[in-house]
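Report on the structure given below.
Just so you know, ligand 1 is whichever comes first in the structure, and atom 1 is the first atom listed for that ligand.
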Amino acid sequence: MFGPDFPFPFDDWITHPAGLGTIPAGRHGEEVAVVGAGISGLVAAYELMRLGLKPVVYEASRMGGRLRSQAFEGADGVVAELGGMRFPVSSTSFYHYVDMLGLQTRPFPNPLTEAAGSTVIDLEGITYYARTLEDLPPLFTEVAYAWAQALEEVRYTAIQDAIRARDVRTLKALWNDLVPRWDDRTFYDFVASSKAFSSLSFHHREVFGQVGFGTGGWDSDFPNSMLEIFRVVMTNCDENQRLVAGGAEQIPRGIWRHPAPRLAHWPAGTSLASLHSGAPRAGVARIAREGDDRLAVTDAWGDTRRYATVLVTCQSWLLTTQIECEESLFSHKIWTALDRTRYMQSSKTFVMVDRPFWKDTDPRTGRDVMSMTLTDRLTRGTYLFDNGPGQPGVICLTYSWMSDALKMLPEPVDRRVRLALNALSKIYPDVDIASHIVGDPITVSWEADRHFLGAFKGALPGHYRYNQRMYAHFMQDHMPPEQQGIFIAGDDVSWTPAWAEGAVQTSLNAVWGIMHHLGGRTHPGNPGPGDVFADIGPIELPDLTGRGRASSAIFWAMAGAWSSWGKCLPGTVWRRESPAAVRAFSP
Ligand SMILES: Cc1cc2nc3c(=O)[nH]c(=O)nc-3n(C[C@H](O)[C@H](O)[C@H](O)COP(=O)(O)OP(=O)(O)OC[C@H]3O[C@@H](n4cnc5c(N)ncnc54)[C@H](O)[C@@H]3O)c2cc1C
């Protein structure tokens, strides 16, 4: 995922033989607080440890965060992927850590892929069975074609070519042109107003929303900022995805235990686990400034430690709900961005089954008895996981977002299973899925968990400025001293929320920021993100919007007229207001 907002080669930076940089020897062994043991916290902690610092990781809930692989009771290695489960191969920094740990991956059984075998699409009560797109009626090909054409209206191929070639200049020129044009507009607006879809029926749009591209239905994202969708397709997030055999949670847990090679300061064999005597500290309850350059971090049990730098990787709303965070640590502009971050809801429900029975052939039709299923019914997406011979299979009965996830929110796990089975029985009237279930089902609603409050960021129109502020926060030289030393990273800070790669990239930005803050520097042959940020960083959009600019021009013209008029009146003095005051008038 190279750019498009910040086309920095994170993968090259972390694999360069010169390493990420150096910290002054006098600071070696210094403690750095890392709030959250998800992938972004642990990647940052791991790299900071390699630079010779001593990360102190705090975790309020379960290590791994939203890479959570919950084991089914009694079945070793059979898991339900409650968070991230399919990782596009374009996630090159993410895969650097997967490969470092020697984890096995295999193709994810997405709709219409070889890994899925067969796919069933059930819309408006009609069921279609297919192995590839070509097996489906022309309507589906028309939708796929319209989507490809619509993307060409914003120069999709040219942008992808620039990404592939890592042609920063062309990529920036093309992308920076799209940002102001599309920040205010939704995904639905894009689809509805595109030339390609305008000439087709409403039903084409509906089908696109239900079936989408790559991974399945995208209508839950229709209200999101179109920029977010552009990033997903342009960086190939939605293609060529793999799962981690045995569960994605092995990545954060593996990083925690991994004896890091080529460490500054620490003896060979040191790992995050060994620096922590095996376990992270408890959740953080308070962060405050103490003295000029120390940040005091208090955990849930009242223990307070002081640090020059603190990295916060939990979801940003938690800084106002779970953590008493001193207001002066961030500017009000940053607070607005942290609090306006908008989360998407998501629910998943899994069952373990005695065997991958869905591969049985129906003698009547010659088809698989059950398939990866996309539907407009309650379940939306049903995924089938074959764990190999002699192993129980796993069915993700339902993976849904937004309104569909909220329908499940108040229901306990058994009822969720029953609701899902009921919906699936309409599609597969002859298949008795329940008779195959073994063990207890597993479910999640991320929005119901006080340590998350939502699944992942889904930026709304007009949110580019908030994203840009949060993303650029690791560049702190221009900030007043009282706001320096606290860093943010993770899915909320990322340009590609809901994709772990984006979270990893933000944690690498934070590593650069912390290194810089502590007087360190990168190797001249391996510049880091902060070294090139001024040149290729995300563009800033002006405070004044198009209409604002126009009304401001009218205002100044009127001000000029009033001013001349005012001068004519005895005792009247026209005072020209500051641009800031004018900004307040702009809609
Ligand atoms: C349902 C779902 C599906 C997803 N699917 C995919 C996918 O298929 N592919 C993909 O690439 N990505 C996917 N993602 C996104 C991916 O999981 C995230 O981008 C990534 O895991 C985020 O990591 P993080 O470290 O930024 O945040 P988190 O994993 O949320 O880590 C933050 C940690 O902070 C902890 N915390 C909270 N409060 C405190 C406190 N007060 N003190 C200390 N710790 C605290 C939390 O418990 C958590 O462990 C999915 C996410 C979800 C939820």
Quick one: closest heavy-atom pair of [X] and [Y], and the distance?
X	Y	answer
Pro55	Ala45	CG-O, 3.1 Å
Gly528	Trp512	CA-CD1, 3.8 Å
Thr15	His96	CG2-ND1, 3.5 Å

Contacts table for ligand 1: protein N or O within a distance under 3.5 Å of ligand N or O, distances only.
| residue | atom | partner | partner atom | Å |
| --- | --- | --- | --- | --- |
| ligand 1 | 8 (O) | Met85 | N | 3.2 |
| ligand 1 | 8 (O) | Arg86 | N | 3.1 |
| ligand 1 | 8 (O) | Arg86 | O | 3.1 |
| ligand 1 | 9 (N) | Arg86 | O | 2.8 |
| ligand 1 | 11 (O) | Ala500 | N | 2.8 |
| ligand 1 | 12 (N) | Ala498 | O | 2.9 |
| ligand 1 | 12 (N) | Ala500 | N | 3.2 |
| ligand 1 | 14 (N) | Ala498 | O | 3.3 |
| ligand 1 | 17 (O) | Arg66 | O | 3.2 |
| ligand 1 | 19 (O) | Asp491 | OD1 | 2.6 |
| ligand 1 | 25 (O) | Ile39 | N | 3.3 |
| ligand 1 | 25 (O) | Ser40 | N | 2.9 |
| ligand 1 | 25 (O) | Ser40 | OG | 2.6 |
| ligand 1 | 26 (O) | Ser40 | OG | 3.0 |
| ligand 1 | 26 (O) | Asp491 | N | 2.9 |
| ligand 1 | 27 (O) | Arg66 | NH2 | 3.1 |
| ligand 1 | 29 (O) | Arg66 | N | 2.7 |
| ligand 1 | 30 (O) | Arg66 | NE | 2.7 |
| ligand 1 | 30 (O) | Arg66 | NH2 | 3.0 |
| ligand 1 | 41 (N) | Val284 | O | 3.0 |
| ligand 1 | 42 (N) | Val284 | N | 2.8 |
| ligand 1 | 44 (N) | Ala60 | N | 3.2 |
| ligand 1 | 47 (O) | Glu59 | OE2 | 2.5 |
| ligand 1 | 49 (O) | Glu59 | OE1 | 2.7 |
| ligand 1 | 49 (O) | Glu59 | OE2 | 3.2 |

Can you list the steps and then say if Lys54 with Glu31 is a salt bridge (charged side-chain N to carboxylate O under 4.0 Å, His left out)? CA-CA 4 Å; Lys54 186 178 182 196; Glu31 292 191 340; 3.7 Å; yes
Just wondering, more than 12 heavy atoms not from Arg415 lying within 6.0 Å of its CZ?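 No, because the 6.0 Å sphere around CZ of Arg415 holds 12 heavy atoms or fewer from other groups.
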Counting only heavy atoms from other residues, nucleotides and ligands, does the tally under 6.0 Å from CZ of Arg166 exceed 12?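 Atom CZ in Arg166 is packed in, count exceeds 12.
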